[in-house]
Amino acid sequence: MFRRGMAARLACAAACLIAEVALAPSHAQTLTMRSALSRALAASPRLTAAERDVGIATGQRIQAGALLNPELSYEQDDSFGSGKYRGTRSAETTLQISQAFELFGKRDARIAAGAAGVEVAAIQRKAVRLEVLSETAIAFLSVLGAQRRIQILDEQIAAIDRLTPLLRRRVEAGASSPAETGRAEVASALVKADRERFKATLASARRELAVLMGDPAAKFGEVSGRLDTTGKPPTFQSVVAAIDANPQLVRWTAVYAQRNAELLLARLKPYPDVRIAAGWRHFNETNDDAVRLTLSVPIPVFDQNQGNILSAQESLAKTRAERETNRNALVVIAGRAYDSLQGSLRELAVLREVAIPKAVEASEAISQGYGQGRFTLLEVLDAQASVTQARLREQEALQNFHAGVATIEGLVGNPFTLARESAR
C-alpha cells in the first residue's frame with residue numbers, strides 16, 4: 001500500500017498538486033509545490049540545526065574512540081636539604097613516562113555509545129526533514145486554497161455586476177423599484193468585503209510559506225497547483241502500521257542501543273585499569289643510573305559506581321515507555337488528519353452530487369426568470385450566494401483533504417497510494 005522513498009516525493013502530499021514552473025509575463029515567478037519544497041529544505045534552520053547535531057554526535061563518537069594520553073613526569077629527590085643533601089649534590093632525578101590501559105572493553109563500550117548517538121542524530125534529521133516538508137506542503141495548500149476562494153468571490157461580484165444593466169432597464173420600464181439598484185450595490189459591496197477578508201488570509205498564508213522558504217516576505221507570484229483531484233485513502237489500520245517506519249520511532253532503536261552501551265560502560269567502570277610507567281633515574285652522589293618500573297592498579301573499595309549504574313538502568317528501562325508515548329502521539333495526530341480527510345471526502349460527495357449542481361441549476365433558472373419578471377432581485381441574489389457558498393465550502397473541503405494527506409504522509413514517511421477519482 002505504501003511506496004518506498006522518503007520525503008523527496010512528498011510533492012505528492014497534496015495529491016497531484018505539482019505543476020510545471022512557469023513565468024507569467026510582467027509578473028513574479030509562479031511557485032509550484034516542488035519548488036516550494038526544495039526551497040524550504042534549503043532554507044530551513046531546523047534542518048540546519050539537525051545537521052549540526054549529526055556533526056556534534058560524530059565528534060563525540062570520534063572522541064569516544066580516542067586512547068588515553070601518556071604522561072611524562074620528572075622527579076627530584078634528596079635535594080635542597082641540609083648536610084650532604086644541601087643543594088643537588090646528592091639528588092636523585094627521575095624522568096618517567098606512564099600510560100594507562102583501559103581493560104574489560106571500556107573503550108569499545110564508549111565507541112558503541114558514540115556510534116549509536118550518531119545514528120540517533122541522523123535519524124532525527126530525517127524526522128525533521130519530513131516535518132519541514134509536511135509543514136511546507138500544508139502552507140502551500142493554504143495559499144492555493146485562499147487564491148481559489150478569492151477567484152470564486154470575484155466570479156460572484158462579476159455575476160452581480162452583470163445584473164446592473166438589466167436592473168436599470170427594469171427600473172426604467174417600471175417593472176422594478178429604484179431601491180433594487182441599491183440592494184444590488186449592497187450585495188456586491190458585501191461580497192467585496194468578504195473578498196478583502198480572504199485577501200488578508202491569503203497575505204498571511206503567503207507570508208508563512210515565504211518564511212518556511214527562508215524569505216521574510218513573499219517574493220513569488222501566484223502558486224500553481226490543483227486541489228480538485230481527490231482519491232480514496234488506504235485504511236487507517238494500514239496508516240497506523242506504516243507509522244512504525246516514522247524516523248521519530250525508528251530512532252528509538254538507536255536510542256536503546258546507545259543507552260544499553262552507556263549501561264555497560266557504567267558497569268565496567270568499577271573494574272580497575274592498569275597504569276604502567278617506565279623511567280630513568282640518575283644518582284648524582286654516585287653518578288650512577290638505573291631504570292625505574294612502576295605498575296599501579298586502583299582499588300575499587302569506596303566507589304563502585306552504583307549510582308551511575310542505577311541511573312543507566314532506569315534510563316534504559318525508560319526507553320520503551322518513551323517510544324510508546326511518542327507512538328501514541330503520532331497515532332493521535334494521524335487519526336485527526338485521517339478523520340479530517342475522510343470527513344472532507346464525505347462533505348465533497350454531498351456538495352458535488354447535490355448542493356453545487358442544484359444551486360447552479362436554481363441560479364440559472366432564477367436568473368433567466370428574473371429577466372421575464374417571474375422572480376425578484378432578492379431571489380436572484382440569494383441563488384447566486386448559494387452557489388458561491390457551496391463552491392467556497394467545496395474549496396475548504398478540498399484544502400482540508402489535501403492537508404490531511406500531507407500530514408499523514410509526513411508521519412508515515414512515504415506518499416501513500418490514492419485510488420484516484422476523476423477531477424471535476
Side-chain angles (χ1 to χ4, degrees), residues 24 27 141-207 218 221-228 343-344 346-403 423-424:
H27 290 83
L141 291 167
S142 297
V143 175
L144 189 59
Q147 282 182 182
R148 178 54 184 152
R149 285 192 284 273
I150 291 173
Q151 292 172 1
I152 292 172
L153 292 177
D154 285 338
E155 292 170 1
Q156 184 182 8
I157 293 171
I160 295 174
D161 291 343
R162 283 195 297 269
L163 288 173
T164 302
L166 177 60
L167 182 58
R168 287 174 180 169
R169 289 196 298 270
R170 287 174 59 87
V171 172
E172 291 171 358
S176 296
S177 168
E180 289 193 346
T181 303
R183 178 174 290 175
E185 291 174 353
V186 169
S188 179
L190 289 175
V191 179
K192 289 177 181 178
D194 287 338
R195 182 180 60 183
E196 292 305 315
R197 178 162 52 86
F198 279 119
K199 283 184 177 180
T201 301
L202 174 60
S204 297
R206 284 171 58 84
R207 184 179 298 107
E222 291 188 346
V223 300
S224 174
R226 295 184 62 185
L227 284 174
D228 55 357
S344 297
R346 293 191 294 268
E347 183 178 0
L348 284 169
V350 174
L351 290 170
R352 289 177 167 180
E353 294 172 9
V354 181
I356 293 177
K358 294 296 183 182
V360 171
E361 181 182 346
S363 179
E364 291 175 350
I366 292 175
S367 295
Q368 293 176 0
Y370 178 71
Q372 301 169 3
R374 293 189 292 113
F375 296 101
T376 65
L377 176 63
L378 183 60
E379 291 173 308
V380 174
L381 296 176
D382 184 64
Q384 290 179 350
S386 296
V387 173
T388 299
Q389 291 304 313
R391 287 178 173 168
L392 289 174
R393 287 282 298 273
E394 180 190 29
Q395 291 304 309
E396 181 181 1
L398 285 169
Q399 181 179 328
N400 290 339
F401 171 82
H402 291 297
R424 278 174 54 85

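Treat the numbers as computed from the prediction; the structure is a model and nothing was measured. Residues: numbered from 1 along the sequence shown.
Without hydrogens or angle criteria, S188 side chain to A184 main chain gives no donor-acceptor distance under 3.5 Å. In this structure a side-chain-to-backbone donor-acceptor pair under 3.5 Å is missing from R148 to E396.
Checked for salt-bridge contact, R391 and E394 miss the test: no charged N lies under 4.0 Å from a carboxylate O. Remark: R195 does not engage E155 in a salt bridge, criterion side-chain N to carboxylate O under 4.0 Å.
With rounding to the nearest 0.5 angstrom, the CZ atom of R393 is 14.0 Å from the OG1 atom of T388. The distance from atom CZ of R183 to atom CD1 of I160, rounded to the nearest 0.5 Å, is 13.0 Å. The CZ atom of R162 sits 11.5 Å away from atom CD1 of I157, with the distance rounded to the nearest 0.5 Å. Here Q389 contributes atom CD and L392 contributes atom CG; the two are 5.5 Å apart, rounded to the nearest 0.5 Å. To the nearest 0.5 Å, atoms CG (D194) and CD (Q156) are separated by 8.0 Å. With rounding to the nearest 0.5 angstrom, the CG atom of L348 is 4.5 Å from the CG atom of L398.
Taking every heavy atom of both residues into account, L227 and Q399 meet most closely at CD2-CA, 4.4 Å. Across every non-hydrogen atom of A403 and L141, the tightest pair is N-CD1, 3.5 Å. When all heavy atoms are compared, the tightest approach of A390 to I356 is CB-CG1, 3.8 Å. When all heavy atoms of D228 and R352 are compared, the closest pair comes out as O-NH2, 3.3 Å. The minimum heavy-atom distance between S363 and V387, with the atom names listed, is CB-CG2, 3.7 Å. Taking every heavy atom of both residues into account, N400 and S344 meet most closely at CB-OG, 3.3 Å.
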Is there a side-chain contact (heavy atoms from CB on, under 4.5 Å) between V350 and E347? Walk through the geometry before answering. CA-CA 5 Å; V350 174; E347 183 178 0; 6.0 Å; no

